[in-house]
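Right, one structure below, let's go through it.
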Amino acid sequence: MRDQLIDFYSKYASASTAFLTLYRDYKHFEWSNGQDTAVIAYVETPTAWIGASDPVGDKNLWLPLIDAFGVAARARRKDAVILPVSQELAEQLRAGEKFVVQIGTEPWFHLDGSITRSDRLRALPVARQLSRRGARITEFQPSNLSADEFTELESLNARWLGSRLSVPLGFLNRLDPWALMKFKKYFMLMFEGQIYGYLAAVPTQQRKAWYLVDLIRDPEAPLGTTELLIIEAIAHLERQGVTNITLGMAPLAGLSAAERSARPKLYSALDFIFRRGNSVYGFQSLHAYKEKFSPNEWRPLFLVSATARVSWRAWYGLFRAIYPGGFARTLTATLAHSLKKPKLRPFVEKLLPNELLARPLPSNWLEAISRMPITLALIATNIMVYVLTMNNQGKIRSYIKWRYVYSWNHMFHAHSALNSLATLVLPGLLHWNLFHLSFNLVLLFTLVAFCEVIIGSTVTCIAFLAGSMFSNVLTSLAMFPMLKLFWPAALPAFLNEVDIGCSLGIFSCIGATAYMTKYRGILASAVIVSALLGCITTGVALEINHVTAFAIGFFIASRFIT
Amino acid sequence: MSAIIYSLDKQTLGVLERLLLDFGYGQILPARSLAHLRYYVEREKSRLQLVIACFDPTDPNRFQLFSIFRNRPDVDLVPFVFIADGAFGGEVAARAPSARFRRIDSVVSRPLGAKQLHQAIQKANEQRARFRDILVLVSTRGHADALEALFEAGPRSHWHAVEQVKNTIELKTLLEKHGARIGTILICEDCATDDMVNWAAKFKRSHHGSLTPIVFLSRDPGKTRALRQYSEIFFDLQGYSTNLVTCWTALLKLTSNRLISRWAAREKVRQFRDIIKHGNIKFAKSDLRRVKLMYPNFWEVSETVGHAYEKLGLEGEAFSAYESALRLNPCTPAAHLGRIRIKSSDEIFKDALNYCPMHPQIREISQLHIREPIA
């Protein structure tokens, strides 16, 4: 049955998209006058039958076929529209006062030898450049490819689909390059040992005309890949005796020449969508791209119906044919598709300087967790120490507060060297209360984790410990002579100022991370300003220790990574 | 000369390309897939000077990477740097000497900057040079015993074996047998025949030949002429010392050091030439003496340092540097011209003419200044 249909199409199909309607999604509506038969392919949606392409068969049967198609659809409580159809059919329907609206134009190339491959390459310098650099186009049959080559093409498909903003479309836009492969022609572009793109062409008009339907390229393909593919495919097909080639419809293009008098508002709306809708679907860019190849002719294509008016049910049915999931599911899938893209990666990559090779970003959460053992150890340690040192109100116990928090006096007037050492080491693990701990844990799991993922565990560990242990001491040593010289009255209070928390270690890791970015100056300025603000608002001069911690981390990273 | 960098990540390729531009590689080829890498290796072959591969745990082909270089004698001399991450990086580093990962010459972890990359490439070049542990001696006399005695006495250099041959036929057979493992060819003055000169001319045009130093064991001006343009250094075996063991020890150390530190020395020469070209030599003045001491076996470095000193107006140091260059390679015209520029004495002109008689500039200047006719 299917083979008979294919034979029938081979004899009678004239539209470029006719062959695509032989894919499995389509149903076929037949009508016969007893002698001859005509067929129209269609997709059934909840509210409409959407006919695809011109009918196939004797042209004298097209009008009665379309009428019968409409009647059959109405019998099933559905509307019916057909698109895209040729001007010839549209004029006939317009004469019968049926609904006809132009929806685009289709570029055609007449291969009469007047324009050669060299002419086309000269007109498109990017393609010529790529050809000169050694890119080669070869015709292939998927059945003749090895398993590895076929896998490479499949992964190329996946990469191409992954790079698209929208979800995969249905109807005549559905990507199925391997369907009915023995009837198609395929061309691939090889450059520097790699396949960067391929093209599938479907036949029509008894194989005298071909439609270059599927054009797939690697997102990282060199400039000119698709242009060279098209030019070389045209040249190949011309050598094989093909007389006409089309690139397919440019939707909503060329409507300025349309007969608009019957439906001025509709055409105005379509013009508006063409001009403003480029960010949703590349109407203008697609037309401009096809125009680059200087086709011989732009043929208008129409949406028609068997009735004089088309209701919202038909438009909705058309939407469902192109977006099979429906509006809600399409919107959700589009959002999910966009969110799946690793947006963080390009943002982070832009931060990194060109002269430092950072560690690659993790590809998933599991890998990220496995690359931050120091961060996880610090989180666990801080939580454990908090639990051991908190009182019933969740605050630090008094005797720990008075013995182990850092202050200049605690440090240098301690009972023993061991206590002095404890004042150096322990404050980085202590927290005033649960809020203080929680805030620092969030910073640990974000900023320190990021540092560890980018720079590595060793540098992170060294930076954290050095910042935690030495920031206060160095700040005190720096501030002591300055205060003594310029503000001696504030000195006693300064010497009693206390500090605990792992924020110094965190700021040290921020400093190390800042070294790895292009914006070191901006980050350093931000840290200085925020530390000064902290001093002013809290009245604690020791808050400057965060700047010291930042500087320690920056210095450690600079020594480690030169 | 080209370098290939392999990584699945575009950002990594971009940064590595940027870093490698500073190291003087003529062409840097980024490969983002195994097929791409294979294509470049097959295309470049003998032009390939370096391969840098980044480990990616998500790369399904990460273990097939090395198969591209297996059983390929044309890329046997190409150093291989592996940029590792995390646990696998450690595993690679630990296993690097083992058979499976033998092809890796150095491993470096990220994050890294220009300095770490430089060190990794240097180490890779040194490591690859160490595999070239066969010394070939072309001589009709019996010298091999002396070398054997040296090896028995203990390791003096990286040389593992000495093979002696008497003529070009035996030499060609040996080269075919050992291939890239032959690190240096010593030619005695008794074997400097026309046949040897023709062989050397052809050998030096090959990829292996361009990377294999030839040392001529004589400094006699008459005898050096034949192999002047194919020999890297000229070592007077008889005149170096009365003690044969001392001579051979020095020669082994010299040739070993020249082979292993070849890349580092050439990189230093390239850097200084760049600095001189851009007129910034005064900023590198303090490095000149240190560099000369670091590479005493490289006349190329001494010659460049001499040129740098000349630019700085320090003629005494320049003269001394040129002398050092000529002690290793008396046939380098640049050092002779340098000396002539600083001190125009008959002896210097005669010396230059003796070793570089066909150099047009030396001939012209010398003929204007020499008071005694040349015998």
Side-chain angles (χ1 to χ4, degrees), chain A residues 134 148-149 151-152 155-156 159 190-196 218-222 342 345-364 366-368 370-373 451-460 512-513 515-518 557-562, chain B residues 4-23 27 29-44 52 54-61 64 68 81 83-90 108-120:
Chain A
D148 285 343
E149 285 168 328
T151 309
E152 198 178 337
S155 70
L156 181 63
R159 288 198 299 280
M190 292 273 292
F191 179 58
E192 292 183 344
Q194 215 170 349
I195 301 174
Y196 277 106
D218 192 309
E220 304 296 328
R345 181 181 290 270
F347 172 73
V348 172
E349 283 173 359
K350 276 184 190 153
L351 290 177
L352 301 174
N354 292 333
E355 58 274 7
L356 284 177
L357 184 65
R359 298 182 71 194
L361 292 174
S363 51
N364 54 52
L366 206 61
E367 192 193 333
S370 69
R371 280 169 58 174
M372 51 170 102
C451 174
E452 192 170 1
V453 161
I454 293 293
I455 303 180
S457 301
T458 310
V459 175
T460 305
T513 312
Y515 180 79
M516 287 293 298
T517 71
K518 285 181 198 167
S558 71
R559 290 296 96 190
F560 189 78
I561 309 151
T562 49
Chain B
I4 298 176
I5 41 180
Y6 169 73
S7 173
L8 295 190
D9 180 43
K10 195 175 159 190
Q11 168 86 359
T12 300
L13 286 175
V15 173
L16 279 175
E17 207 170 342
R18 168 76 184 77
L19 289 174
L20 278 179
L21 277 174
D22 293 335
F23 294 145
Q27 199 179 14
L29 305 166
R32 284 195 69 192
S33 70
L34 222 60
H36 224 161
L37 177 65
R38 193 175 286 117
Y39 170 79
Y40 280 143
V41 171
E42 281 170 8
R43 190 183 84 176
E44 293 300 303
I52 299 180
C54 287
F55 169 73
D56 186 331
T58 63
D59 182 2
N61 300 316
Q64 295 167 29
I68 292 175
V81 175
I83 297 181
D85 285 310
F88 188 78
V108 63
S109 296
R110 297 197 247 192
L112 60 92
K115 188 175 173 186
Q116 278 100 339
L117 188 63
H118 184 276
Q119 284 168 351

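Numbers restart at 1 for each chain; the letters A, B, ... are given by sequence-line order, proteins then strands.
Comparing Asp148(A), Ile195(A), Leu357(A) by heavy-atom pairs within less than 4.5 Å of chain B, the highest count is held by Leu357(A). The choice from Arg38(B), Gln11(B), Arg18(B) that makes the most heavy-atom pairs within less than 4.5 Å of chain A is Gln11(B). For the options Gly456(A), Ser370(A), Ala358(A), Ser457(A), heavy-atom pairs under 4.5 Å to chain B are most numerous at Ala358(A).
Contact detail for Ala35(B) and Gly193(A): the closest heavy-atom pair is CB-O, 3.8 Å. Of all non-hydrogen atoms in Ser33(B) and Gln194(A), the two that sit nearest each other are OG-NE2, 3.2 Å.
Counting non-hydrogen atoms of other residues, nucleotides and ligands closer than 6.0 Å to CG of Leu366(A) gives a total of 12 or fewer.
In this structure, CG on Asp22(B) lies 9.5 Å from CD on Glu355(A), to the nearest 0.5 angstrom. Going from atom NE2 of His36(B) over to atom OH of Tyr196(A) covers 4.0 Å, rounded to the nearest 0.5 Å. In this structure, Leu356(A) CG and Arg110(B) CZ are separated by 12.5 Å, a value rounded to the nearest 0.5 Å.
Proximity to chain A is limited to the side chain of Ile83(B), based on heavy atoms less than 4.5 angstrom apart.
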